[in-house]
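The block underneath contains the structure these notes are about, expressed in structure tokens.
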Amino acid sequence: MNTAPRRTVLVTGSTSGIGEAICAAFARDGADVVVNGRDPQRTDAAAERIRATAPHSEIRAVAADVSTADGVRVLTDAVPEVDVLVNNAGIFEARPAFEITDEEWIRYFETNVLSGVRLTRHYAPGMMRRGWGRVVFISSESAINTPKEMIHYGATKTTQLAVARGFAQAVAGTGVTVNTVLPGPTLTPGVEVFIADRVGDNIPFEEAERRFIAEERPTSLLGRLIRPEEVASLVRYVASDGASATTGAALRVDGGVLSSIIP
Ligand SMILES: NC(=O)c1ccc[n+]([C@@H]2O[C@H](COP(=O)([O-])OP(=O)(O)OC[C@H]3O[C@@H](n4cnc5c(N)ncnc54)[C@H](OP(=O)(O)O)[C@@H]3O)[C@@H](O)[C@H]2O)c1
């Protein structure tokens, strides 16, 4: 008999890519899952795809822009408590360093950093009261290897490490853990567009993938893009009961791209 408590998991930015794969993994485990994105149709469609693979889980779709305080309020009003919060929503796009405007810097920090700060501030106190909870920030290997083609993105990903470490210290001893997961280059719709921009869209994608890894991520030991399901596996572990001694940590699923031995 399975006596494990049924948990509610919220994954921000889960209409595609890594976020959707994380939702699907938790749904298959029998958790109740909240899917989120900015657009109601895209959010409903992702929830429907996940529901089809996990008919016994409750899958809710909540459209809300987590880069704004109002959007976060829409989400927290709809879903007041969760057991697992995965701060995954994020944006990235190549832009020469000297061309990044103030507005873009602010948009990147609001989307990639403040969203997770606001949601952790809302959900972690309830987790602490109940004596169990998991907060996972999806950062990136770009937190450590500042990408020269998008320093604003890299800066937000580095900041997430400090934010997560700080929150982990704030919840110490309560049964709640806070960690970051650092994926390396992963095959998602966002990255398909990014790679087409970097190496051209006039060649088959397999060739573009090979060239991108060889030319722009040459330290990859995996030698290919990571698959979203491979990132989801680590997130699923970090959010499990078995990961109770892992907190305040930065965990890599980067295919060996980072050549440092620890982040
Ligand atoms: N793919 C990689 O190589 C890679 C590597 C390292 C780290 N990461 C990190 O992993 C996360 C997911 O990346 P991905 O490649 O899966 O991205 P993606 O394919 O571009 O998907 C991004 C998701 O975020 C949502 N989103 C964007 N802005 C949002 C907002 N303001 N409010 C709510 N949802 C929002 C999008 O939904 P809608 O468009 O439907 O709103 C979409 O579901 C990001 O934090 C990224 O930095 C990715």
Side-chain angles (χ1 to χ4, degrees), residues 10-24 34-47 49-50 61-75 78 86-94 106-116 118-119 136-145 147 149-150 152-161 163-164 180-198 209 212-213 216-217 220 222 224-232 234-235 250-255 257-258 263:
L10 164 62
V11 184
T12 64
S14 44
T15 63
S16 75
I18 292 173
E20 182 173 344
I22 295 170
C23 283
V34 181
V35 180
N36 160 255
R38 289 163 293 190
D39 174 69
Q41 276 83 39
R42 279 171 58 77
T43 312
D44 285 344
R49 286 194 296 277
I50 296 162
V62 181
D65 180 344
V66 296
S67 71
T68 70
D70 287 347
V72 165
R73 209 167 302 117
V74 168
L75 186 50
V86 183
N87 290 310
N88 168 77
I91 49 173
F92 47 90
E93 192 183 8
I106 291 167
R107 187 166 72 90
Y108 268 69
F109 268 85
E110 285 179 338
T111 308
N112 294 0
V113 178
L114 259 186
S115 56
R118 289 183 172 126
L119 287 165
V136 184
F137 285 79
I138 306 299
S139 174
S140 168
E141 52 100 5
S142 299
I144 312 298
N145 282 340
E149 74 279 7
M150 43 180 183
H152 53 344
Y153 174 72
T156 61
K157 294 287 145 180
T158 309
T159 305
Q160 284 182 308
L161 300 184
V163 167
T180 42
V181 162
L182 283 65
T186 304
L187 179 52
T188 65
V191 161
E192 276 188 59
V193 174
F194 182 78
I195 290 179
D197 277 356
R198 301 296 294 165
E209 172 179 0
F212 174 74
I213 293 291
E216 304 216 12
R217 299 293 185 273
S220 170
L222 201 59
R224 61 164 172 81
L225 291 170
I226 297 156
R227 293 324 189 232
E229 298 70 29
E230 295 177 302
V231 177
L234 181 57
V235 176
L251 304 159
R252 290 156 52 168
V253 52
D254 67 344
V257 158
L258 290 174

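Just so you know, these numbers come straight off a predicted model, no measurement behind them. Start at 1 and go down the list; that is how both ligands and their atoms are numbered. Counting from 1, the numbers follow the sequence of the chain as shown.
- Listed by number with element, the atoms of ligand 1 under 4.0 Å from a non-hydrogen atom of N88 are 10 (O), 11 (C), 12 (C), 44 (C), 45 (O).
- Look at Y153 and you'll find a heavy atom under 4.0 Å from some atom of ligand 1.
- At a heavy-atom cutoff of 4.0 Å, ligand 1 is contacted by the backbone of S14 but not by its side chain.
- When G184, P228, P185 are checked for heavy-atom proximity to atom 5 (C) of ligand 1, G184 turns out nearest.
- Looking at ligand 1, you won't find any N or O of T111 less than 3.5 Å from one of its N or O atoms.
- At distances below 3.5 Å, not a single donor-acceptor pair connects side-chain atoms of K157 with backbone N or O atoms of I144.
- Every heavy atom of T12 sits 4.0 Å or more from the atoms of ligand 1.
- Here the closest heavy-atom approach between residue V66 and residue A89 is recorded as CG2-CB, 3.7 Å.
- When non-hydrogen atoms are compared, ligand 1 lies under 4.0 Å from the backbone of A64 (N, CA, C, O) but not from its side chain.
- When heavy-atom distances to ligand 1 are checked against a 4.0 Å cut-off, R38 comes that close through both its backbone and its side chain.
- Considering backbone and side-chain atoms alike, S140 places every N or O at 3.5 Å or more from each N or O of ligand 1.
- When non-hydrogen atoms are compared, ligand 1 lies under 4.0 Å from the side chain of N36 (C-beta onward) but not from its backbone.
- Checked against a 3.5 angstrom limit, the closest N/O atoms of G190 and ligand 1 fall inside it.
- Checking side-chain atoms of R227 against main-chain N and O of L225 turns up a donor-acceptor pair under 3.5 Å.
- For the residues G13, S16, G17, the heavy atom positioned nearest atom 18 (P) of ligand 1 is part of S16.
- Within the 4.5 Å cutoff, the side chain of E141 has no heavy atoms near those of the R252 side chain.
- Considering only non-hydrogen atoms, atom 6 (C) of ligand 1 lies nearest to P183 out of C23, P183, A21.
- The closest approach between a heavy atom of G71 and any atom of ligand 1 is not below 4.0 Å.
- Proximity to V191 (heavy-atom distance under 4.0 Å) selects the following atoms of ligand 1: 1 (N), 2 (C), 3 (O).
- Taking distance alone, with nitrogen or oxygen atoms compared against 3.5 Å, F92 stays at or beyond that limit from ligand 1.
- At a 4.0 Å heavy-atom cut-off, ligand 1 touches S139 through the backbone alone.
- Contacts with ligand 1 closer than 4.0 Å are made by side-chain heavy atoms of K157 only, the backbone lying farther away.
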